[in-house]
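Within every chain, numbering begins at 1; the chains are lettered A, B, ... in the order of the sequence lines, protein sequences first and strands thereafter.
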Amino acid sequence: MKGAMNNRSLKENLKRLKVPAPDPTACERILHRSLTALRHAGNAGEAPEQTERGPIFWRWAVVVCVLGTVFLALWPDGRPVLPDDGLAAWRMTFRQMEILFPDRLNAVIEQDGDVEVDLAAESAIPSEQPVLVEFSRGPHVLRVLSYSGRRVCVNLDGRNTCFEALVTGDGKVILEGDDFLWVSQSPIPQAGYRVEAHSLNPAS
Amino acid sequence: MNVHMYCDEDDATLCAKACSGCEQAFTALFHRHYHAVHAFAFRVCLDVGGAEDITQEAFIKAARSLPTFRRQASFKWWLYRIAMNATHDWCRKKIRENQAASELASAASASESEHVANLEPVRAALASLPDEMRHAVVLIYYEGMNHAEAARILGCAETTVSWRIFRAKHKLKTLLTENEGSHE
């Protein structure tokens, strides 16, 4: 019996599923029936107005300016950017970051005062399940603010460690890495780091 | 019907034109998404005939409901939501048919497990998952959605999607590892 499969191997296996080519006659038939349905639907709905979208450049310029202002305000004397007084403060910090990067924020990673913002390439429906994960060893603390189900990679002692934080129905958090599973009920250290994970959802 | 002139237009523009009754615009939307919806339907139901039925149902419902489509949402995700609902209907129908068949033939469950065993390993592993887990796997792993997006399509809480994915991964890993072991 081989060892347990990791997430990467699972993804590779799933890609092997073959999808049979659709029947070309079915394609024509379905199109014909759909067009008939469209005719019957008639012009009941008015075409909604086009949403005006400003040039991408200006949108990003505004975001960068606001981001700079917030960072300067939060970081006047070289203190770490992120506050350290409870989950409510982290929740507020994350909400502010969400406002700065609407629908694109994947994670905020803070390590010993350095902050990295992980943005998605494309906008996505925002999650309602933010999580805070802390890896600590001695004075070194690495914090990850992200969402349930998002894959985040961090550097722990030069080793790239990727995981997904999953919020369960009762508000507990599970960290599922490529080769580890961490649950709050039995918090086993990872790579020598003590791990803590919390849902930032006030309801949980 | 010349639909090539619509190839460069985005989904939102084509939707607006299709809403006004422009069949070429709808045809362009259809050709743009047909293969993706068919592949999605196949992965969800793992049945060739079922994928065709679901695809047909999804496009017909989309054509009927186009006037109600809100442009804030992505057309693709809207279409997938319709396809997912069509999948639920198809699954329910399939269960009813299977129940009727099993009343006629007591060996139905044996032939069903034989059928699953004869499938390619990944398909067999996916087929062995409960429907709700497989639906979540298809949306996350094949369609590249995040848990929040999948939750919208599936009509459940994000935590439910997370939990289903967690359970599904564990089960798939076990099944696929066993399969690899048995072929060595």
Side-chain angles (χ1 to χ4, degrees), chain A residues 1-7 9-11 13-23 26-27 29-31 33-51 106 120 124-129 147-150 164-171 174 176 199 201 204, chain B residues 12-13 15-21 23 26-27 30 34-35 38-39 42-43 48 51-52 55-56 59-60 62-72 120-123 126 137 140-142 145-149 152 157-163 165-166 169 172-174 176-178 180-181:
Chain A
M1 182 82 179
K2 293 175 77 171
M5 180 179 281
N6 63 28
N7 287 340
S9 301
L10 175 63
K11 280 184 185 174
N13 268 281
L14 289 175
K15 279 182 194 163
R16 289 184 198 148
L17 177 67
K18 292 176 193 133
V19 177
D23 177 0
C27 177
R29 190 180 65 246
I30 294 170
L31 175 59
R33 288 180 181 172
S34 303
L35 287 174
T36 305
L38 183 71
R39 275 179 223 125
H40 287 163
N43 298 333
E46 288 295 313
E49 288 179 14
Q50 281 271 23
T51 309
N106 194 44
I125 292 174
S127 170
E128 293 168 356
Q129 294 293 338
Y147 299 103
S148 177
R150 301 283 174 91
E164 282 178 19
L166 303 172
V167 178
T168 62
D170 57 357
I174 294 171
E176 194 194 14
S199 167
N201 194 331
S204 62
Chain B
T13 310
C15 277
K17 289 181 176 172
C19 274
S20 316
E23 292 188 6
F26 185 84
T27 304
F30 176 88
Y34 177 75
H35 283 86
H38 176 268
F42 175 78
R43 287 170 182 141
V48 176
E52 200 176 289
T55 308
Q56 172 169 286
F59 277 105
I60 289 175
R64 282 188 194 137
S65 317
L66 207 51
T68 66
F69 170 58
R70 287 178 299 132
R71 295 276 293 285
Q72 293 92 330
E120 55 186 297
V122 180
R123 192 169 160 186
L126 285 168
V137 167
I140 303 289
Y141 285 100
Y142 291 104
M145 292 185 192
N146 64 39
H147 290 205
E149 289 168 333
R152 293 265 184 103
E158 256 185 88
T159 49
T160 307
V161 173
S162 299
W163 186 243
I165 285 290
F166 178 69
K169 280 201 287 192
L172 287 171
K173 283 175 183 175
T174 306
L176 293 168
T177 305
E178 281 172 5
E180 280 178 3

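- With values rounded to the nearest 0.5 angstrom, A/Asn106 atom CG is found 8.5 Å from B/Asn146 atom CG.
- You'll find the side chain of B/His35 stays beyond 4.5 Å of the side chain of A/Val19, heavy atoms only.
- Considering every non-hydrogen atom in both A/Lys11 and B/Tyr141, the closest pair reads CE-CE2, 3.5 Å.
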Stepwise salt bridge (charged side-chain N to carboxylate O under 4.0 Å, His left out) test for B/Lys169 and A/Glu176: CA-CA 10 Å; B/Lys169 280 201 287 192; A/Glu176 194 194 14; 2.6 Å; yes
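- Top candidate by heavy-atom pairs under 4.5 Å with chain B, chosen from A/His40, A/Arg16, A/Lys18, is A/Lys18.
- Residue B/Val137 touches chain A through its side chain alone, counting heavy-atom pairs closer than 4.5 Å.
- Taking both residues in full, the closest heavy atoms of B/Phe26 and A/Ser34 are given as CE2-CB, 3.5 Å, listed atom of the first, atom of the second, then distance.
- Of the inter-residue distances, the one linking A/Arg29 atom CZ with B/Gln56 atom CD reads 5.5 Å to the nearest 0.5 angstrom.
- With rounding to the nearest 0.5 Å, the separation of CZ in B/Phe42 from CG in A/Leu17 is 5.5 Å.
- The contact between B/Glu52 and chain A is made by backbone and side chain atoms together, counting heavy-atom distances below 4.5 Å.
- Only the side chain of B/Phe30 comes within less than 4.5 Å of a heavy atom of chain A; its backbone N, CA, C and O stay farther away.
- Per-residue heavy-atom pair counts under 4.5 Å with chain B were compared for A/Thr36, A/Leu10, A/Ile174, and the maximum is reached by A/Leu10.
- Note that CD1 of B/Ile60 and CG of A/Leu31 are 10.5 Å apart. Values are rounded to the nearest 0.5 Å.
- With sequence neighbours left out, the side chain to side chain donor-acceptor pair (under 3.5 Å) criterion links A/Ser148 to B/Ser162.
- Under the 3.5 Å distance criterion, with hydrogens and angles disregarded, a donor-acceptor pair is assigned to the side chains of A/Asn7 and B/Lys173.
- In this structure, OG1 in B/Thr55 is found 11.5 Å from CG in A/Asp23, a value given to the nearest 0.5 Å.
- Contacts between B/Leu126 and chain A at a heavy-atom distance below 4.5 Å involve the side chain alone, from C-beta outward.
- Heavy-atom distances place the side chain of A/Arg150, and not its backbone, under 4.5 Å from chain B.
- Among the candidates B/Phe59, B/Phe166, B/Trp163, the residue making the largest number of heavy-atom pairs closer than 4.5 Å to chain A is B/Phe166.
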A/Gln129 vs B/His147, side-chain contact (heavy atoms from CB on, under 4.5 Å): CA-CA, chis, key distance, verdict: CA-CA 10 Å; A/Gln129 294 293 338; B/His147 290 205; over 6 Å; no
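- Counting heavy-atom pairs closer than 4.5 Å to chain B, the top residue among A/Ala26, A/Cys27, A/Ala37 is A/Cys27.
- Using a 4.5 Å cut-off on side-chain heavy atoms (C-beta onward), A/Asp170 and B/Thr159 make no contact.
- Across all their heavy atoms, B/Tyr142 and A/Lys15 have their closest contact at OH-N, 4.4 Å.
- Counting heavy-atom pairs closer than 4.5 Å to chain A, the top-ranked of the candidates B/Arg64, B/His38, B/Arg152 is B/His38.
- Contact check for B/Leu172 versus A/Asn13: no side-chain heavy atoms found under the 4.5 Å cut-off.
- Of the two parts of B/Leu66, only the side chain, counted from C-beta on, holds a non-hydrogen atom closer than 4.5 Å to a non-hydrogen atom of chain A.
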